[in-house]
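Worksheet: one structure, shown below.
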Amino acid sequence: LMSITGDADGEPMKVGVAITDVNAGLFASQAILAALLARERTGEGQQIDISLYDSAVASLVNVGASYLLAGEVGQRHGNAHSSIVPYQVFACADGPFVVAVGNDSQWRAFCAAFEREDLLQDERFCSNESRVAHRDALIPLLVDMLGRLGRADCEQRLRSTGVPCGSVQALEAVFADPHLHHRGLVQPVEHPTAGTLSLV
């Protein structure tokens, strides 16, 4: 995981949370549910074997599969996607903004939202495959364009076209978000000695 995380020219980076531990817990809960279902169907118990190492390797998902199936060694791409372009963080005039153009129809919508028909007509950028091959030519153009705009402007343009996007939020913004409260993500929990705690 560290070998594929971080800037391309930088050192390997750890993920910001203990993702291997979290995934091991999720895998364990799935295994427990599968064991309970097997017991219901067969009357027999199951042995569950969960390891952090196994969970870390399983967390490689598509990068691990690419290595096993095609011998492709995953590289670090910072906040960009290895095989989809543009799919990364951009610096808008007022902060970091994520654009996730996942396919060619979204690319056409992205270009239309910013009135950049010139990018659509450039054969280097006509398909995701060609955009990946010409990443070094395309990304500076988008950095310049988005760097002159605010995040709210970019989000409004892209949300109306269905292109996934969003501002990178600091923790105080996340926990003040009305959507988070509407979803009930933070709940008070009573602790016998510490009193009321707010937890996700």
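As the structure is a computational prediction, the values presented were derived from the model and not from experiment.
A salt bridge is absent between Arg108 and Asp104: the closest approach of a Lys/Arg side-chain nitrogen to an acidic carboxylate oxygen does not fall below 4.0 angstrom.
Atom CG of Leu26 sits about 9.0 Å away from atom OG of Ser55, to the nearest 0.5 Å. To the nearest 0.5 Å, the span separating CG on Leu146 from CG on Leu141 amounts to 10.5 Å. Taken to the nearest 0.5 Å, the CG atom of Leu158 stands 4.0 Å off from the CZ atom of Phe114. Separation of atoms CG (Leu69) and CG (Asn62) is listed at 11.0 Å; rounding is to 0.5 Å. The CG atom of Asp122 lies 8.5 Å from the NE2 atom of His134; values are rounded to the nearest 0.5 Å. A distance of 11.5 Å separates CG in Asp177 from NE2 in His182, rounded to the nearest 0.5 Å.
Here the closest heavy-atom approach between residue Thr161 and residue Ala113 is recorded as CG2-CB, 4.1 Å. Heavy-atom minimum distance, Asn103 versus Arg131: O-NH2, 4.0 Å. Leu197 approaches His191 most closely through the heavy-atom pair CD1-CB, 3.9 Å. For the residue pair Phe125 and Ser130, the shortest heavy atom distance occurs at C-OG, 3.8 Å. Considering every non-hydrogen atom in both Ala80 and Arg135, the closest pair reads CB-NH1, 3.7 Å. The heavy-atom pair separating Met2 from Lys14 by the smallest distance is CG-CA, 3.8 Å.
Between Cys165 and Arg157 the shortest side-chain heavy-atom distance does not fall below 4.5 Å. Here the side chains of Val99 and Phe90 are in contact, with some heavy-atom distance below 4.5 Å. Taking the side chain as every heavy atom from C-beta outward, Thr20 and Val15 never approach each other to under 4.5 Å. Counting only heavy atoms from C-beta outward, the side chains of Val101 and Ile84 never approach each other to under 4.5 Å. The shortest side-chain heavy-atom distance between Arg76 and Pro12 falls under the 4.5 Å cut-off.
Within a 6.0 Å sphere centred on CG of Asp144, other residues, nucleotides and ligands contribute more than 12 heavy atoms. In this structure, Glu115 places its CD atom where only 12 or fewer heavy-atom neighbours from other residues, nucleotides or ligands lie under 6.0 Å away. Annotation for Glu117: atom CD counts as buried by contact number, over 12 foreign heavy atoms lying within 6.0 Å. Within a 6.0 Å radius of OH in Tyr87, other residues, nucleotides and ligands contribute 12 heavy atoms or fewer. Within 6.0 Å of CD in Gln46 there are more than 12 heavy atoms belonging to other residues, nucleotides or ligands.
Ile32 and Phe27 fall within the same hydrophobic cluster, where Ile, Leu, Val, Met, Phe, Trp and Tyr residues are linked whenever their side-chain heavy atoms come under 4.5 Å apart, directly or through other members. Leu185 and Val174 end up in the same hydrophobic cluster when Ile, Leu, Val, Met, Phe, Trp and Tyr side chains are linked at under 4.5 Å. In the hydrophobic clustering of ILVMFWY residues, with side-chain heavy atoms under 4.5 Å counting as a link, Ile50 and Leu37 come out apart. Taken together through direct or relayed side-chain contacts under 4.5 Å among Ile, Leu, Val, Met, Phe, Trp and Tyr, Val168 and Leu171 form parts of separate hydrophobic clusters. One hydrophobic cluster, built from ILVMFWY side chains closer than 4.5 Å, holds both Leu142 and Leu149.
The backbone N or O of Val73 sits less than 3.5 Å from a side-chain atom of Gln75, completing a donor-acceptor pair. Between the Asp7 side chain and the His77 main chain, no donor and acceptor come within less than 3.5 Å of each other. Formation of a donor-acceptor pair under 3.5 Å by the Asp94 side chain with backbone atoms of Arg151 is found in this model.
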Could you go step by step and tell me if Leu1 and Leu60 meet the side chain to side chain contact (heavy atoms under 4.5 Å, CB included) rule?
CA-CA 6 Å; Leu1 283 171; Leu60 291 171; 4.0 Å; yes
